[in-house]
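What follows is a set of notes on a single structure, which appears directly below.
Atoms within each ligand, like the ligands themselves, are counted from 1 in listed order. As the structure is a prediction and not an experimental result, all values here were calculated from the model.
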Amino acid sequence: MSLLDRVTLNKISIAESIVFFTGAGVSAESGIPTFRGKDGIWNKLKPEELANFDAFLKNPEMVWEWYKHRKKIVHESQSNSAHKAISDFQTLFSSVTVITQNIDNLHRRAGSRKVFELHGNIERNYCIKCKAPYNDEIILKASAPRCKCGGLIRPDVVWFGEYLPQDQFIGGENAARNCDVFFVVGTSGIVYPAASQIFVAKDSGAFIIEINLEESEISRIADKSYLGKAGEILPQIYEEIKMEKRKSGSVLNS
Ligand code: BJW
Ligand code: ZN
């Protein structure tokens, strides 16, 4: 049985530019825990003690212990069928953009080529004093690694109260403003300014499709909500659009 109704099928099929805005839920099926919700890590740990700069300065060892643990999880994980389906959409549409709040690099690993990372990337690190980049080899040797200049090295992720990387934010916002269909996948949609890009897409006339295990802050503005696992729903949507495009002879390559 088809998942997509006629209106949604048409909206996606005739789109020229599509965007996937993703959150922790898209990586949940890769074994990377989400932040909020039933199995979210912030049910057990307090974000204000770990995900902000003051906490890092106060206790870099503790914050690093947490990030080293998460680096290991990310390093050992693999992209799942949701990341793969998102990447596969590149064979059907000439403009496919991923805007992700995730720091796990799994969209790129799955083959997505245009990815804006709003909250950084856990595979990178830098010195807080001179901004020199560091790879994980150096990091894993010390409990609170330091740069040659003496500055503390930190993971290249965005903590609460910090500005988002402007090039990534602006790139994402432009894609949101100019797309026809905007998928919102596996995010609670409560963290700003990232979530504002969903509203930019909505206000610019995009058709908003949400995919989430449960209703979220975004459900009320979504044109269509699919409740379920991203790793099951996205491959199904991809297959239905591929069939529709084949019928009309407009597949790019496959
Ligand atoms: C599935 C699924 C499956 C599960 N399939 N679905 C009021 C008070 C205090 C602060 C603020 C405030 N209002 C606004 C703020 C600012 C603050 C903010 O937004 N806070 C809110 C929480 C209230 N924002 C900031 O501080 C930002 N910076 C900023 O505003 O700068 C301006 C400024 C500068 C200087 C001074 C003052 C202001 C920065 C935000 C940085 C967020 N960083 C984190 C951590 C990154 C590093 C790390 O990972 O350690 O980013 S927080 C965390 O939340 C992470 C995520 O990217 C982000 C979003 O979470 P996400 O992805 O939505 O995950 P979840 O867990 O919330 O949701 C998962 C969803 O998936 C659920 O809905 C599930 O149902 C679903 N799901 N499995 C489909 N298989
Ligand atoms: Zn330095």
Side-chain angles (χ1 to χ4, degrees), residues 20-43 45-56 63-64 66-71 73-74 80-83 85-86 99-105 117-134 138 145-166 168-169 183-198 209-219 225-235:
F20 292 89
F21 180 92
T22 66
V26 82
S27 296
E29 291 159 71
S30 293
I32 301 177
T34 61
F35 295 91
R36 302 165 189 85
K38 198 166 59 71
D39 299 317
I41 51 178
W42 284 345
N43 290 335
L45 301 165
K46 290 200 175 85
E48 60 272 21
E49 282 173 13
L50 291 163
N52 73 73
F53 190 65
D54 289 343
F56 178 67
V63 175
W64 261 119
W66 190 53
Y67 278 96
K68 282 181 188 172
H69 166 71
R70 292 179 56 214
K71 274 176 189 278
I73 294 175
V74 167
N80 63 49
S81 48
H83 300 104
I86 289 173
I99 307 172
T100 189
Q101 299 166 91
N102 299 346
I103 58 173
D104 57 29
N105 216 16
E117 292 173 324
L118 300 184
H119 292 159
N121 188 314
I122 200 169
E123 295 184 339
R124 300 190 304 251
N125 316 281
Y126 68 93
C127 166
I128 62 170
K129 216 162 151 192
C130 72
K131 311 286 178 239
Y134 279 89
I138 307 266
R146 283 195 181 266
C147 174
K148 283 190 231 92
C149 81
L152 276 167
I153 300 171
R154 62 167 283 178
D156 192 355
V157 298
V158 181
W159 287 324
F160 286 111
E162 293 186 322
Y163 291 107
L164 276 55
Q166 280 306 289
Q168 303 298 298
F169 188 78
F183 289 89
V184 183
V185 187
T187 178
S188 54
I190 65 163
V191 175
Y192 283 80
S196 67
Q197 301 205 334
I198 305 167
I209 301 174
E210 179 187 40
I211 298 163
N212 198 310
L213 281 185
E214 56 191 27
E215 285 199 348
S216 77
E217 283 300 304
I218 304 310
S219 308
S225 282
Y226 294 100
L227 299 187
K229 289 185 174 179
E232 291 170 5
I233 291 172
L234 277 167

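When only modelled atom types and interatomic distance are considered, Ser27 and His83 share a side-chain donor-acceptor pair under 3.5 Å. Donor-acceptor pairing under 3.5 Å is recorded for the side chains of Lys71 and Asn125. Checked by atom type, the side-chain pair Ser219/Glu210 shows a donor-acceptor distance below 3.5 Å.
In terms of protein heavy-atom proximity, atom 41 (C) of ligand 1 is nearest to Val158 O, 3.4 Å. Regarding atom 3 (C) of ligand 1, its nearest protein heavy-atom neighbour is Gly25 O, 3.4 Å. Residue, atom and distance of the protein heavy atom nearest to atom 61 (P) of ligand 1 are Thr187 OG1, 3.8 Å. Nearest non-hydrogen protein atom to atom 23 (C) of ligand 1 is Ile190 O, 4.2 Å. With hydrogens left out, the protein atom closest to atom 33 (C) of ligand 1 is Gly161 O, 3.9 Å, a heavy atom. In this structure, the protein non-hydrogen atom closest to atom 50 (O) of ligand 1 is Tyr67 OH, 2.5 Å. Of all protein heavy atoms, the one closest to atom 68 (O) of ligand 1 is Ser188 N, 3.3 Å. Atom 29 (C) of ligand 1 has as its closest protein heavy atom Glu162 O, 3.4 Å.
For the pairing with Lys229, the side-chain contact (heavy atoms from CB on, under 4.5 Å) check across Asn80, Leu213, Asn212, Leu234 returns one residue only, Leu213.
Less than 4.0 angstrom separates some heavy atom of Gly186 from each of these atoms of ligand 1: 6 (N), 69 (C), 70 (C), 71 (O). Distances below 4.0 Å separate heavy atoms of Ala24 from the following atoms of ligand 1: 61 (P), 62 (O), 64 (O). Per-residue contacts place Glu29 under 4.0 angstrom from the following atoms of ligand 1 (heavy atoms of the residue considered): 3 (C), 5 (N), 80 (N). Listed by atom number, the atoms of ligand 1 under 4.0 Å from Ala28 heavy atoms are 78 (N). Counting the atoms of ligand 1 from 1 in the order shown, those under 4.0 Å from a heavy atom of Glu214 are 75 (O). Near Gly23, meaning under 4.0 Å from any of its heavy atoms, are these atoms of ligand 1: 62 (O).
Draw a line from the Zn ion (ligand 2) to SG of Cys147 and another to SG of Cys149, and the angle between them is 110° (to 10°).
The distance criterion of under 3.5 Å between nitrogen or oxygen atoms is not met by Tyr163 with respect to ligand 1. Between Phe35 and ligand 1, at least one N/O pair is under 3.5 Å apart.
A 6.0 Å sphere centred on NZ of Lys68 holds more than 12 heavy atoms belonging to other residues, nucleotides or ligands. Shown here is Tyr192, whose OH atom has more than 12 heavy atoms of other residues, nucleotides or ligands within 6.0 Å. Around CD of Glu215, the count of heavy atoms belonging to other residues, nucleotides or ligands within 6.0 Å does not exceed 12. Annotation for Lys131: atom NZ counts as buried by contact number, over 12 foreign heavy atoms lying within 6.0 Å.
Heavy atoms of Trp42 found under 4.0 angstrom from ligand 1 belong exclusively to the side chain. Counting heavy atoms closer than 4.0 Å to ligand 1, residue Ser216 contributes nothing at all. For Ile103, every heavy-atom contact with ligand 1 shorter than 4.0 Å involves the side chain, none the backbone.
Looking at heavy atoms from C-beta onward, Arg146 lies in side-chain contact with Leu152 at the 4.5 angstrom threshold. Contact of the His119 side chain with the Trp159 side chain is not registered, since no non-hydrogen atoms from C-beta on lie closer than 4.5 Å. Contact annotation: the side chain of Val185 never approaches that of Phe21 to less than 4.5 Å [non-hydrogen atoms, C-beta and beyond].
Look at Ala195 and you'll find every heavy atom at least 4.0 Å from all atoms of ligand 1.
Glu217 places no side-chain N or O within 3.5 Å of a backbone atom of Ser188 that could act as its donor or acceptor partner.
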For side chain to side chain contact (heavy atoms under 4.5 Å, CB included), just list the numbers for Phe160 and Phe53, CA-CA rounded to whole Å, side-chain angles, deciding distance to a tenth of an Å, and then say yes or no. CA-CA 8 Å; Phe160 286 111; Phe53 190 65; over 6 Å; no
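The CD1 atom of Ile41 sits 7.5 Å away from atom OG1 of Thr34, with the distance rounded to the nearest 0.5 Å. Ile103 contributes atom CD1, which lies 6.0 Å from atom OH of Tyr67 (distance to the nearest 0.5 angstrom).
Protein non-hydrogen atoms do reach within 4.0 Å of atom 46 (C) of ligand 1. Distances from atom 1 (C) of ligand 1 to the protein include at least one heavy-atom value under 4.0 Å. In this structure, atom 7 (C) of ligand 1 is not in close contact with the protein, since no protein heavy atom lies within 4.0 Å of it. For atom 10 (C) of ligand 1, the nearest protein heavy atom lies 4.0 Å away or farther. Within 4.0 Å of atom 14 (C) of ligand 1, not a single protein heavy atom is present. Protein heavy atoms are found less than 4.0 angstrom from atom 53 (C) of ligand 1.
Residue nearest to atom 49 (O) of ligand 1, selected from Arg36, His119, Arg70: Arg70 (by heavy-atom distance). Taking all heavy atoms of Asp104, Asn212, Asn52, Leu213 into account, the minimum distance to atom 76 (C) of ligand 1 is reached by Asn212.
Annotation for Ala194 and Gln101: closest pair CB-OE1, 3.8 Å, computed over non-hydrogen atoms.
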